[in-house]
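By convention here, the first residue in the shown sequence is residue 1. Below, each value reflects all heavy atoms present in this structure, side chains not excepted, and no hydrogens, waters or symmetry copies. In listed order, ligands and their atoms are each counted from 1.
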Amino acid sequence: MIPTIRVQSFADWRDAARHLLAQQVPPHAVQWSETVESDDLFGAIGAVAQPRAHYGPEDVGQTAPANAGIDASSPATSPHAPARIPREMLRMLESAACFRAPDRYAFLYKLVWRWQNGQHDVLSAADEDGARLHAMVKTIRRETHKMHAYLRFRERAAGSGAPQFVAWFEPEHDVLHQVAAHFSRRMGQTTWMIGTPQATMLWDGTTLHAGPPLMHGPEDIADTGEAMWLTYYRSTFNPARLNVSVMHGHIASRYWKNMPEGALVPAMIADAAAGARRDGQTTTVGARHGVTIPISADAAQPKRDQPSTLDQCRRCDLWRNATQAVPGIGARSARIMLVGEQPGDQEDLAGMPFIGPAGQVLDDAFRQAGLDRASIYLTNAVKHFKWEPRGKRRLHKTPAQQEIAACAYWLEEELAAVAPAVIVALGGTALKAILGNPKATITNRLGTPFLHEARWIVAVYHPSYILRVPGDAAKAQAMDVLIEGLKRAQEYARSPAL
Ligand code: URA
């Protein structure tokens, strides 16, 4: 009889898989099943740390040895050695394990089995299994992003005890753990709970606890904070910027139905059509401080056809002194995304990235690398121009880490929408934003593609560096790095090694 391995989490699967690999058990000789715990009391919610493995009587072996694991390092040279996979592969497997598919754990085991047996093309998007893995990882990235953006905590009545905030969400995949970890980092010592149809996560101010489903829907939230939230939402709604199709395009109706402001939207749309557009313009825009810019009002208008929510971004203070937010530009199907630092003076006025002096250097590099600007997606880590006055000029100022982190939301959205195979980081700020690592520098990475979250990253010098570095030789050398980086990006985009 084919043994069945029962697992409840990725950690369980990993323990079991390392054990099976060590015993050379092929994928067809084992089957996987998922166990679901059925505790139904709030007090029974257990701490997230260290989920247990559940081995049935017919399982392979007794317990998984603690140190025979699938380790993230270099590939194994022999199938008899303990399984070793690249760290990036491990991350992809962990992400794919969140994808709801009945065969997910069997599929993950097939992937590591193939890798362990030297079939490294299993990570290639050109391989059937590799393509499925990539698609799963991409779906999970999107679902996580959506849950971060559309989950709404509602405050509970004072005196009703912890948790202070409760949210309900219906994710399509099992991203609750990651999302809860994200909110636990951001919400400090407030206590909260997130309910989904599959599970519950509770944050007690210091520790995350996972448990079975406790709520049936949003109606189970004792919601005294809702009135406050609706008032807030009404006050941030700017009818002058209303674009109904963009609004619905950004937030699918499956999210609206669980968002308290969803019920307000039809009335606000009706108001906007009846003339609130004009009022919104005069009251909201007129009250802004702004700066005086020596350019005609006509030329300073954003060149985009449609307003986007980026226009209204207040995640950091840079909007105060910028003319407008500058979104990325290019094909949504682009295989290559270039990320710069932030718009410069001319980009700020025109609303488009890389049209000033740095853009000219970039165009020169594109020409020499044989890369067509129209085929790529071009954007910046930070979407507002940060500057300081110097006489009558606005001088570029490097964005602070907080500003890079605040703007990462928009970069993530672009990455989710475009899903490029290769990202070219133009300079250190871009690399920090892409890796989400404030300490990242391009020095040791220049020109050599490396994997991050299932994408190739190529770090090169920023075109502005090429403009300002003293000496012809240094300029030429920096330009070569940029051109070679663009060539590598095209190679990797054409025949992905992933
Ligand atoms: N520098 C950048 O990083 N981005 C631009 O859009 C222009 C200059």
Side-chain angles (χ1 to χ4, degrees), residues 293 295 299-300 302-304 308 310-311 313 316 318-319 321-331 334 336-367 369 371 373-388 390 393-401 403-408 410-411 413-415 418 420 423-435 438 440-442 445-446 457-469 475 478-479 481-483 485-486 489:
I293 306 244
I295 188 168
K303 298 285 184 286
R304 301 184 294 289
S308 71
L310 177 61
D311 291 328
C313 183
C316 73
L318 291 186
W319 66 275
N321 293 325
T323 310
Q324 58 194 309
V326 178
I329 191 168
I336 303 177
M337 180 184 283
L338 258 69
V339 183
E341 184 191 78
Q342 60 166 343
D345 184 78
Q346 296 194 27
E347 288 82 8
D348 166 79
L349 298 176
M352 281 190 288
F354 286 103
I355 55 153
Q360 284 166 20
V361 174
L362 201 52
D363 281 337
D364 190 15
F366 285 156
R367 202 178 34 74
L371 180 60
R373 200 191 235 247
S375 72
I376 60 156
Y377 188 90
L378 191 53
T379 190
N380 281 301
V382 172
K383 307 292 195 256
H384 281 111
F385 179 35
K386 181 173 182 182
W387 58 276
E388 58 188 356
R390 185 73 54 84
R393 294 171 56 216
R394 302 190 299 171
L395 279 200
H396 159 276
K397 239 183 134 189
T398 305
Q401 183 49 40
E403 290 147 357
I404 299 171
C407 223
W410 298 111
L411 185 59
E413 259 211 349
E414 290 174 300
L415 286 169
V418 179
I423 309 174
V424 179
L426 300 169
T429 299
L431 191 63
K432 288 179 175 61
I434 293 162
L435 302 184
T441 64
I442 57 170
R445 305 272 200 184
L446 280 172
I457 316 291
V458 185
V460 292
Y461 288 115
H462 191 285
S464 302
Y465 171 79
I466 299 172
L467 282 171
R468 49 162 216 274
V469 65
K475 263 190 212 313
M479 185 68 168
V481 171
L482 174 56
I483 295 166
L486 295 176

Inter-residue atom distance [X].[atom1] - [Y].[atom2], 0.5 Å rounding:
X: Asp345; Y: Thr323; atom1: CG; atom2: OG1; result: 8.0 Å
X: Ile329; Y: Tyr377; atom1: CD1; atom2: OH; result: 8.5 Å
X: Ile442; Y: Tyr465; atom1: CD1; atom2: OH; result: 8.0 Å
X: Leu426; Y: Leu362; atom1: CG; atom2: CG; result: 6.0 Å

Can you list, by chain and residue number, every protein residue with a non-hydrogen atom closer than 4.0 Å to ligand 1?
Gly340, Glu341, Gln342, Pro343, Gly344, Glu347, Pro353, Phe354, Ala358, Asn380, His462
What I want to find out is whether Lys397 reaches Glu403 closely enough, with some N-O distance under 4.0 Å, to be called a salt bridge.
no
Tell me, do Leu378 and Arg373 make a side-chain contact under 4.5 Å, heavy atoms counted?
yes
